[in-house]
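Single-structure report; data block below.
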Amino acid sequence: MIAKYNAKISGTGMYVPDKILNNFDMEKIVDTSDEWIRTRTGMSERRISSKDQAVSDLAYEASLKALQSAHLKPKDIDMIIVGTITSDHAFPSTACILQKKLGLKNFPAFDISAGCTGWIYAANIAKQYIENGIAKNILVVGVETLTKITNYTDRNTCVLFGDGAGATIISRAETKDISKIIDTEISADGTHYDLLIQQAGGSRMPASKESVEKNLHTVYMEGNKIFKLAVRSMFNACEVVLKRNKLDVQSIDWLITHQANMRIIQSLGKKLKIDEKKVIVNIEKYANTSAATVPMALDEAIKSGKIRHGDLVLMASFGAGLTSGSLLIRL
Ligand code: UT7
């Protein structure tokens, strides 16, 4: 398909709940230590949503900020795509609830279930709707409240997750614009779908007294099996877009990867042979916020003045499915 228009990221925003749970708090909940968590994952603290905060509440706050930074009003939005696996309800989609919160209606709004790759999948789809001229300004959100489906008796998983939202506006670029989504790649390897899963609550295992008692509505993850696959699949997703655009990794100004583990981020950086000063990391503050990690890190890096207009930014993620993807932009 020949694109009629270019797509660009015209605004970003993020929101995290106020409540902080640090590693010392985790020591009081499970048999763990600040030292183990910091050295094995790079995490120091994570944000926890309150009882009455659902995913759409976080998404709404981040969306308002993204709209503000794009100098747009809610009425300028003509599509909403939300990457999440912790939607307010099993159905309808969080995107529809967010549409109502923003006072909007009568355009497409839908969720993408791609685990931690949710925002990259959503951005990949949004790019195509902008390029073919169907939409002009798409609100693309990566948002998660994983702490609501975390088993706080399982030290293997409970120290890893936090809540947060990253929102972006993907807009039609003007012809003279240097800002552009240059390329994106998404993929999945379903053979490993059971390594990272919320087992109960769907049609395979509907909710029952037993499913609740056995904690089957919480995240199950075989972390060490996923570790290697995470590095390899994000590397492949990055390589594909670099090669396709005849770019050397040295020309990339910033790398933002999924913030699941500091050791994964470092291994990927090494494999790509990118200068570690170019790798954006905020895992110590927010831990793994799944679909929100990449857009949150992007927003923070832009707002802090690290990433500037015209910079070449490569983003990559990996998650349940097992899904993976990359996004290459000039901001
Ligand atoms: O976001 C979606 C994608 N997710 C990921 O990419 C996560 C990928 N995986 C990881 O980040 C890492 O595998 C983990 C952080 C989850 C685990 O680190 P690991 O170095 O792979 O540890 P492990 O699972 O191999 O466990 C090593 C030891 C075990 O003890 P034994 O059997 O050697 O005695 C665990 O029981 O560490 C123990 N352990 C802990 N110890 C203290 C596991 N969790 C903890 C903990 N505190 N919280």
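Atoms within each ligand, like the ligands themselves, are counted from 1 in listed order.
Counted within 6.0 Å of CZ on Phe107, heavy atoms from surrounding residues, nucleotides or ligands total more than 12; the atom is thus considered enclosed. More than 12 heavy atoms of other residues, nucleotides or ligands sit less than 6.0 Å from atom CZ of Arg38. Residue Glu276 qualifies as open at atom CD: its count of foreign heavy atoms under 6.0 Å is 12 or below. No more than 12 heavy atoms of other residues, nucleotides or ligands sit less than 6.0 Å from atom CG of Asp18.
By heavy-atom distance, the residue among Arg155, Glu222, Glu27 lying nearest atom 35 (C) of ligand 1 is Arg155. The heavy atom nearest to atom 25 (O) of ligand 1, considering only Asn224, Val159, Leu160, is found in Asn224. Relative to atom 11 (O) of ligand 1, the option among Asn23, Thr32, Asn261 with the closest non-hydrogen atom is Asn261. Between the choices Phe227, Trp36, Phe318, the shortest heavy-atom distance to atom 37 (O) of ligand 1 belongs to Trp36. Proximity annotation for atom 2 (C) of ligand 1: of Ala320, Cys116, Ser317, Ala260, Cys116 comes nearest, heavy atoms only.
Here the shortest heavy-atom pairing between Ser211 and Pro206 reads OG-O, 4.1 Å. Among all heavy-atom pairs drawn from Ser317 and Met234, the shortest one is O-CG, 3.5 Å.
Closest protein heavy atom to atom 4 (N) of ligand 1: Met221 SD, 3.7 Å. The nearest protein atom to atom 43 (C) of ligand 1, hydrogens excluded, is given as Asn156 OD1, 3.1 Å; this is a heavy-atom distance. Protein heavy atom nearest atom 8 (C) of ligand 1, with residue, atom name and distance: Gly223 O, 3.5 Å.
Distance screen at 4.0 Å: atom 31 (P) of ligand 1 has no protein heavy-atom neighbour inside the cut-off. For atom 21 (O) of ligand 1, the nearest protein heavy atom lies under 4.0 Å away. Atom 28 (C) of ligand 1 lies below 4.0 Å from none of the non-hydrogen atoms of the protein. Checking atom 6 (O) of ligand 1 against the protein gives a heavy-atom contact under 4.0 Å.
Here the OH-OG1 distance, from Tyr220 to Thr157, works out to 10.5 Å after rounding to the nearest 0.5 Å. The distance from the OG1 atom of Thr218 to the CD1 atom of Ile197 is 11.5 Å, given to the nearest 0.5 Å.
Distances between N or O atoms of Ser33 and those of ligand 1 include no value under 3.5 Å. At under 3.5 Å, not a single nitrogen or oxygen of Gly319, backbone or side chain, sits near a nitrogen or oxygen of ligand 1. Geometrically, ligand 1 and Arg40 share a nitrogen or oxygen pair separated by less than 3.5 Å.
Residue contacts with ligand 1, taken as heavy atom pairs separated by less than 4.0 Å, involve Asn288 solely via side-chain atoms from C-beta onward. The residue Ile37 has no part lying near ligand 1, judged by heavy-atom distances below 4.0 Å.
A salt bridge does not link Arg330 to Asp311: none of the charged nitrogens lies less than 4.0 Å from a carboxylate oxygen. In this structure, Lys101 pairs ionically with Asp57, as a charged nitrogen and a carboxylate oxygen lie closer than 4.0 Å.
Listed by number with element, the atoms of ligand 1 under 4.0 Å from a non-hydrogen atom of Ile264 are 6 (O), 8 (C). For ligand 1, the atoms closer than 4.0 angstrom to any heavy atom of His258 are 1 (O), 2 (C). Near Arg263, the atoms of ligand 1 lying under 4.0 angstrom from a non-hydrogen atom of the residue are 18 (O), 19 (P), 20 (O).
Hydrophobic clustering, with ILVMFWY side chains joined whenever heavy atoms are under 4.5 angstrom apart, keeps Val143 apart from Met14.
Residues Asn137 and Asp76 have side chains that never bring a donor and an acceptor to within less than 3.5 angstrom of each other.
Exactly one residue among Ile182, Thr184, Val313, Val240 makes a side-chain contact (heavy atoms from CB on, under 4.5 Å) with Leu328. That residue is Ile182.
Ligand 1 has no atom lying under 4.0 Å from any heavy atom of Met26.
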